[in-house]
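See below for the structure under consideration.
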Amino acid sequence: MASNNFRDYMLALDTPRIANARGLDPFVYAQPILKTERAIALNAEWQSRYNQPFKGVTADGTVIEDLFALEDQGFDPAPAVAAMEKMLAALSPEHQAGIAHKSDDDKWRGWYNPEIPFNDHGVRLEYMPEAARDAFLELLKACTSEVGFTKVQNLLSANRYLGEIYDLLNIMNEWSFHFLMFGTPSLTAPWGWNIYGHHVAFNCLIVGNQMVISPTFMGVEPNVIDRGNGNCFALFTEEERQGLALMQSLSAEQKQRATIFELMEDPKMGPDRFNFADQRHLGGAFQDNRVIPYEGVRASEFSAEQQAALLKLIETFIEHVPDAAREAQMALISKHLDETYWCWIGGHGDEDPFYFRIQSPVIMLEFDHHSGMWLTNEQPAKFHIHHITRIPNGNDYGRALLRAWEAKQG
């Protein structure tokens, strides 16, 4: 039986991949990797999708209109505006110009999740002065729930942990992420920001007292961070636990219909269902316009208890959203509960790695256990997790709200 201890799969510290990367600037480190055949092909595929006009994830290629409306969600934008202005004041004119973009700029869509810099958009946090990074944390706190602020901080810390165990803090640390600002900080007009890099992508649009955080990519390898000094935490354990419990609660017939592939790397999967970068994920980087048909079992078939468990699981995925905005988002998700689908890949025993997707007209969530990228496990393991949220039908990056706001201005 495979080990569940990630340390059994660590690369040797003197392996060329690690030894040759030590001390290099991230962009210098990336140069030979980006020249490999696999990276060239991936980058070309991403650029092709990036060049397509934004439409949004859909179930059949047709965007369902009028799902998202401007409203007062009770979000207070003032602390976010103050933090963003403080961050700008701490930056040089060059860095101010480097992060500034229009509110509808397509650079929103340039996020990625490897540690390799695939683009030079924005300014990386590690190149900013400490005062600007402190202001960024204030901005993050203003735009997340209390639980969410800790969760994102832990993600940044987890990236540093991987850098620590391989002595590669020059490549992976808590600040090795691009930062971009969109629009001008305002109490009423649309503006926002994003960060992205290894295992983190976070897109936040604010329109007055309303906000959208989507897409997000959150990942961790390994998922338990233990520095041996009492500072120990684990990530995505609740999403994993609740997802498995929901699957195990289904009838045998429902489990069969929910399971779209029995194996995590199933020979029945075509190239559109599995690739080395996303593995089983369908809504990863540069998939803004992907057609993702509904699969599995519809939540209208669930018992009241199972529907409640599904809603609790969904809220765990979006617990980073500030409380008032999350309450409004959950109300919309509940409204479309009967149109929500649940599907699964892999086994559903207590020790099995797995993938699941929750998809409705107004939310799409994916959870996946991955094989190793910085660890040597060739099969998916529970210590490497990827976690994606998207808002289908045109409201990723808050685009539907941005269009509604512009229409209201005449």
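Because only heavy atoms are used, hydrogens play no part in the values below, and waters and symmetry mates are left out as well, while side chains stay in. No experiment lies behind these values; they were computed from the predicted model shown.
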Not counting sequence neighbours, list each pair that qualifies as a side chain to side chain donor-acceptor pair (under 3.5 Å) and has a residue in residues 87-104.
none
Checking side chain to side chain donor-acceptor pair (under 3.5 Å) for the pair Asn119/Tyr196: CA distance, chi angles, key distance, verdict?
CA-CA 11 Å; Asn119 62 46; Tyr196 62 90; 2.7 Å; yes
Can you find a pair of side-chain heavy atoms, one from Trp344 and one from Leu250, that are under 4.5 Å apart?
no
Candidates Phe182, Phe202, Phe177 - the one meeting ring pair (Phe, Tyr, Trp, His ring centres under 6.0 Å) with Trp193
Phe202
Donor-acceptor pair, side chain of Arg280 and main chain of Tyr355, under 3.5 angstrom
no
Charged N-O contact under 4.0 Å between Arg241 and Glu238
yes
Any residue meeting side chain to side chain donor-acceptor pair (under 3.5 Å) with Arg38, in chain and number order, not counting sequence neighbours
none
Examine distances only and state if a side-chain atom of Gln306 and a backbone atom of Ser303 form a donor-acceptor pair shorter than 3.5 Å.
yes
Can you tell me if Glu327 has over 12 outside heavy atoms packed within less than 6.0 Å of its CD?
no
Rounded to the nearest 0.5 Å, what separates atom CG in Leu401 from atom CD in Glu71?
8.5 Å
Tell me if the centroids of the rings in Phe383 and Tyr9 come within less than 6.0 Å of each other.
yes
When rounded to the nearest 0.5 angstrom, what is the spacing between CG in Leu91 and CE in Met181?
9.0 Å
Flag, side chain of Ser48 to backbone of Glu45, donor-acceptor distance under 3.5 Å
no
Intermediate values then yes/no, salt bridge (Lys or Arg N to Asp or Glu O under 4.0 Å), Asp106 and Arg49
CA-CA 12 Å; Asp106 263 344; Arg49 293 174 184 160; over 6 Å; no
Taking only residues two or more places apart in sequence or in another chain, which ones pass ring-ring contact (aromatic ring centres under 6.0 Å, His included) with Trp46?
Phe118, Phe286
Check Phe354 against His369 and note the closest heavy-atom contact, atom names and distance.
N-ND1, 2.9 Å
Measuring from atom CD of Glu366 to atom CZ of Phe356, what distance do you get when rounded to the nearest 0.5 angstrom?
10.0 Å
Any donor and acceptor pair, going by atom type alone, linking the side chain of Arg298 with main-chain N or O of Asp338 inside 3.5 Å?
yes
Glu221 side chain vs Met373 backbone, donor-acceptor pair below 3.5 Å:
yes
Closest non-hydrogen atom pair, Ile206 against Pro77
CG2-CB, 4.1 Å
Got a second to check how far Leu155's CG is from Leu235's CG, nearest 0.5 Å?
5.0 Å
Sort and list the pairs that fulfil side chain to side chain donor-acceptor pair (under 3.5 Å) and have at least one residue in residues 122-140, not counting sequence neighbours.
Asp25-Tyr127, Lys86-Glu138, Arg124-Glu126, Glu126-Asn173
Just wondering, more than 12 heavy atoms not from Gln52 lying within 6.0 Å of its CD?
yes
Any idea which heavy atoms bring Ser186 and Val81 closest together, and the distance?
O-CG2, 3.5 Å
Contacts of type side chain to side chain donor-acceptor pair (under 3.5 Å), residue Asn203, not counting sequence neighbours
Asn194
Candidate pair Ile213 and Gln329, rule side chain to side chain contact (heavy atoms under 4.5 Å, CB included), full reasoning:
CA-CA 10 Å; Ile213 300 177; Gln329 188 174 3; over 6 Å; no
For the residue pair Tyr397 / Asp288, report whether a side-chain donor-acceptor contact shorter than 3.5 Å exists.
yes
Are the side chain of Gln242 and the backbone of Ala309 linked by a donor-acceptor contact shorter than 3.5 Å?
no
Determine the minimum heavy-atom distance between Asn377 and Pro380, stating which atoms define it.
ND2-C, 4.3 Å
Any side-chain heavy-atom pair from Thr58 and Asn393 closer than 4.5 angstrom?
yes
Contacts of Trp111 that satisfy ring-ring contact (aromatic ring centres under 6.0 Å, His included) - sequence neighbours left out:
none
Answer yes or no: is there a donor N or O on one side and an acceptor on the other, between the side chain of Tyr29 and the main chain of Asn170, under 3.5 Å?
no
Mind checking the CH2-CE spacing from Trp191 to Met84? Nearest 0.5 Å is all I need.
6.5 Å
With sequence neighbours excluded, what pairs up with Ser214 under the side chain to side chain donor-acceptor pair (under 3.5 Å) test?
Asp396
Is a side-chain N or O of Lys55 found less than 3.5 angstrom from the main chain of Gly61, in a donor-acceptor match?
yes
What ring pair (Phe, Tyr, Trp, His ring centres under 6.0 Å) pairs are there with at least one residue in residues 227-258, not counting sequence neighbours?
Phe236-His387
Non-neighbouring partners of Val224 that pass side-chain contact (heavy atoms from CB on, under 4.5 Å), sequence neighbours left out
Cys232, Ala234
Closer than 3.5 angstrom, by distance alone: can the side chain of Tyr50 be matched with the main-chain N or O of Gly110 as a donor-acceptor pair?
no
Only pairs at least two apart or in different chains count here, so list each side chain to side chain donor-acceptor pair (under 3.5 Å) that has a residue in residues 141-155.
Lys151-Glu239, Lys151-Glu319
Should we count CD of Glu301 as having more than 12 external heavy atoms under 6.0 Å?
yes
On a heavy-atom basis, the closest approach of Ala80 and Ala142 is N-CB, 3.5 Å
Residue pair Pro353 / Gln379, side-chain heavy-atom distance below 4.5 Å
no
Is the charged tip of Arg273 near the ring of Phe261: under 6.0 Å from the six-membered ring centre and within 45° of its axis?
no
Taking the side chain as every heavy atom from C-beta outward, state whether Leu365 and Ile314 have any pair of such atoms under 4.5 Å apart.
yes
Which heavy atom of Leu125 sits nearest to which heavy atom of Trp175, and what is that distance?
CB-O, 3.3 Å
Does Tyr294 have any ring-ring contact (aromatic ring centres under 6.0 Å, His included) partners at least two apart in sequence or in another chain, and if so, which?
Tyr341
Could you check whether any side-chain N or O of Gln359 sits under 3.5 Å from a backbone N or O of Glu295, counting only pairs where one atom can act as donor and the other as acceptor?
no
Under 3.5 Å, is there a donor-acceptor pair linking the side chains of Gln47 and Asn51?
yes
Residue pair Glu115, Asn159: steps toward the side chain to side chain donor-acceptor pair (under 3.5 Å) verdict:
CA-CA 9 Å; Glu115 86 288 348; Asn159 192 53; over 6 Å; no
His386: what forms a ring-ring contact (aromatic ring centres under 6.0 Å, His included) with it, not counting sequence neighbours?
His199, Phe217, His370, His384
Just wondering, are more than 12 heavy atoms of other shown residues or ligands nearer than 6.0 Å to CG in Asp72?
yes
Measure the CG-CE distance between Leu311 and Met330 for me, rounded to the nearest 0.5 Å.
5.0 Å
